[in-house]
Amino acid sequence: MTLPQTPTSLDVSNERVGVVLRILSTLAFALMGVFVKALGDTVPLGQVVFFRSAVAMLPLVAYLWWRGDWPRGLRTSRPMGHIGRCLMGAAAMFTSFATIRLLPLAEATMLSYLAPVVLAVLAWALLGERLTARRIAGVSLGLAGATAFCLPAFAGVLPDAGGLGVFLGLVTAALTAGALVQVRRLTLLGEGSGAIAFWFALVSALGGLATLPWGWVWPGPTGLALLIAIGLSGGLAQILMTLSFSYADASALAPFEYLSVLWAVVLGFAVFAEIPGLAFFIAGPLVLFGAFISRPVRSK
């Protein structure tokens, strides 16, 4: 099989392709959140995680085959490193979906952007990365935003489920940051992105399957369609994001990552008639700007 040619120079046309792919990936991730929220509590959380991961493996395997990385691209010399990354990532998927169920889509999405802030601290503590003044400022802004999110819960303004949603959103950010640190370690050790993505999907599917004894349900046609849509949109989003970095530098794509929040606001209002609360508009700019300046920047 002939491998697809990756652009050797990031000219303007290639960069535009990368930007379009990155925008489409943020939309696909947002649509996944819509499908999760539309499913509601009709299907147990573990069953949702299973479908998200198992169905997502179909487009992922097709993508790896298209690249010529199937199955040889799945080889790994760091199985324990993958296990640590997969366990944290799978746990983050559980808490993320629970957060989407408990909070409006915009708030749940915004809380996920605390992950780059936590990642900056963990990369400094565990990987020895330099904590620059820019990243310290990003961490400070992110923490201020997290505090603004939590104040309504502490003050009793939010219902009990809302307070739990904020807590689970913070846990999701921490788990995601831990998983990303492990991804960096694996990448530095020479592990391929295909292997990292595949083993994560497989372990997450097994983690969801392990909840079967606690009771799954037989979904109706609508529920089954939503479960399949969750997996396909999640898998497609991951592939589009990976492809975008083949056409454009990370620094060129970074600003478009935050379109996920815009999609969440628009889709939350259009589909669920959700209007973000005051805490969102106070904390949102702090979290987004903190995440933006905390992000890793490719050295020239």
Side-chain angles (χ1 to χ4, degrees), residues 1-32 49-86 88-90 92-93 176 179-207 228-254 256-257 259-260 295-296 298-299:
M1 171 180 182
T2 302
L3 290 178
Q5 295 298 314
T6 299
T8 56
S9 61
L10 298 175
D11 57 26
V12 174
S13 61
N14 286 334
E15 188 169 284
R16 286 174 180 168
V17 173
V19 167
V20 170
L21 290 171
R22 191 68 183 96
I23 291 173
L24 290 175
S25 74
T26 63
L27 179 57
F29 276 124
L31 286 172
M32 183 185 71
V49 170
F50 170 78
F51 272 86
R52 157 63 178 92
S53 304
V55 175
M57 290 177 69
L58 299 177
L60 178 59
V61 169
Y63 171 67
L64 293 174
W65 177 82
W66 176 69
R67 284 179 56 94
D69 289 337
W70 179 267
R72 60 186 176 85
L74 305 184
R75 295 172 186 163
T76 176
S77 58
R78 307 284 177 175
M80 296 308 297
H82 282 280
I83 290 174
R85 178 268 187 273
C86 292
M88 285 186 287
M93 192 180 297
T176 301
L180 289 174
V181 166
Q182 192 59 22
V183 168
R184 283 197 193 180
R185 279 179 168 167
L186 290 170
T187 302
L188 291 173
L189 292 171
E191 294 293 303
S193 59
I196 294 172
F198 178 83
W199 294 119
F200 167 60
L202 179 61
V203 171
S204 297
L206 293 175
I228 293 174
I230 289 169
L232 290 178
S233 57
L236 180 62
Q238 191 170 15
I239 291 170
L240 289 171
M241 181 177 65
T242 302
L243 276 174
S244 69
F245 288 103
S246 298
Y247 289 91
D249 286 327
S251 57
L253 297 176
F256 299 95
E257 176 182 350
L259 283 174
S260 293
R295 77 195 191 287
R298 177 178 291 185
S299 58

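Quick note: numbers below take in every heavy atom, side chains included, and nothing from hydrogens, waters or symmetry partners. Predicted model only: the values in this text are computed from it and were never measured.
When all heavy atoms of I239 and P59 are compared, the pair lying nearest together is CD1-O, 3.2 Å. Scanning both residues, S204 and V49, for their nearest heavy atoms gives O-CG1, 3.6 Å. Between F29 and Q238 the shortest heavy-atom distance is CZ-N, 4.1 Å. When every heavy atom of A205 is checked against every heavy atom of F50, the shortest pair comes out as O-CD1, 3.2 Å. Scanning all heavy atoms of the two residues, the minimum distance from S260 to T26 falls at OG-CB, 3.5 Å.
For the pair R72 (side chain) and G68 (backbone), a donor-acceptor distance under 3.5 Å is present. Between the Q182 side chain and the G81 main chain, a donor and an acceptor come within less than 3.5 Å of each other.
Aromatic rings of W70 and Y63 (six-membered ring for Trp) have centroids beyond the 6.0 Å cut-off, not under it.
In this structure, the side chains of R52 and M32 come closer than 4.5 Å at one or more pairs of heavy atoms. Within the 4.5 Å cutoff, the side chain of M93 has heavy atoms near those of the S53 side chain. Looking only at side-chain heavy atoms (C-beta outward), L236 and L24 stay at 4.5 Å or farther from each other.
Expressed to the nearest 0.5 Å, how far CZ of F51 lies from CD1 of I230 amounts to 9.5 Å. Rounded to the nearest 0.5 Å, atoms CG (L186) and CH2 (W199) are 13.0 Å apart. With rounding to the nearest 0.5 Å, the separation of CG in L74 from CG in L202 is 9.5 Å. Here CD1 of I83 is found 12.0 Å from CE of M88. Values are rounded to the nearest 0.5 Å.
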* **Worked check of side chain to side chain contact (heavy atoms under 4.5 Å, CB included) between R22 and L240** => CA-CA 7 Å; R22 191 68 183 96; L240 289 171; over 6 Å; no
* Asked: Going through the checks in order, is the side chain to side chain contact (heavy atoms under 4.5 Å, CB included) test met by Y247 and L21?
  -> CA-CA 9 Å; Y247 289 91; L21 290 171; 3.9 Å; yes
* To do: Decide yes or no on side chain to side chain contact (heavy atoms under 4.5 Å, CB included) for I196 and V183, but give the supporting numbers first.
  => CA-CA 7 Å; I196 294 172; V183 168; 4.2 Å; yes
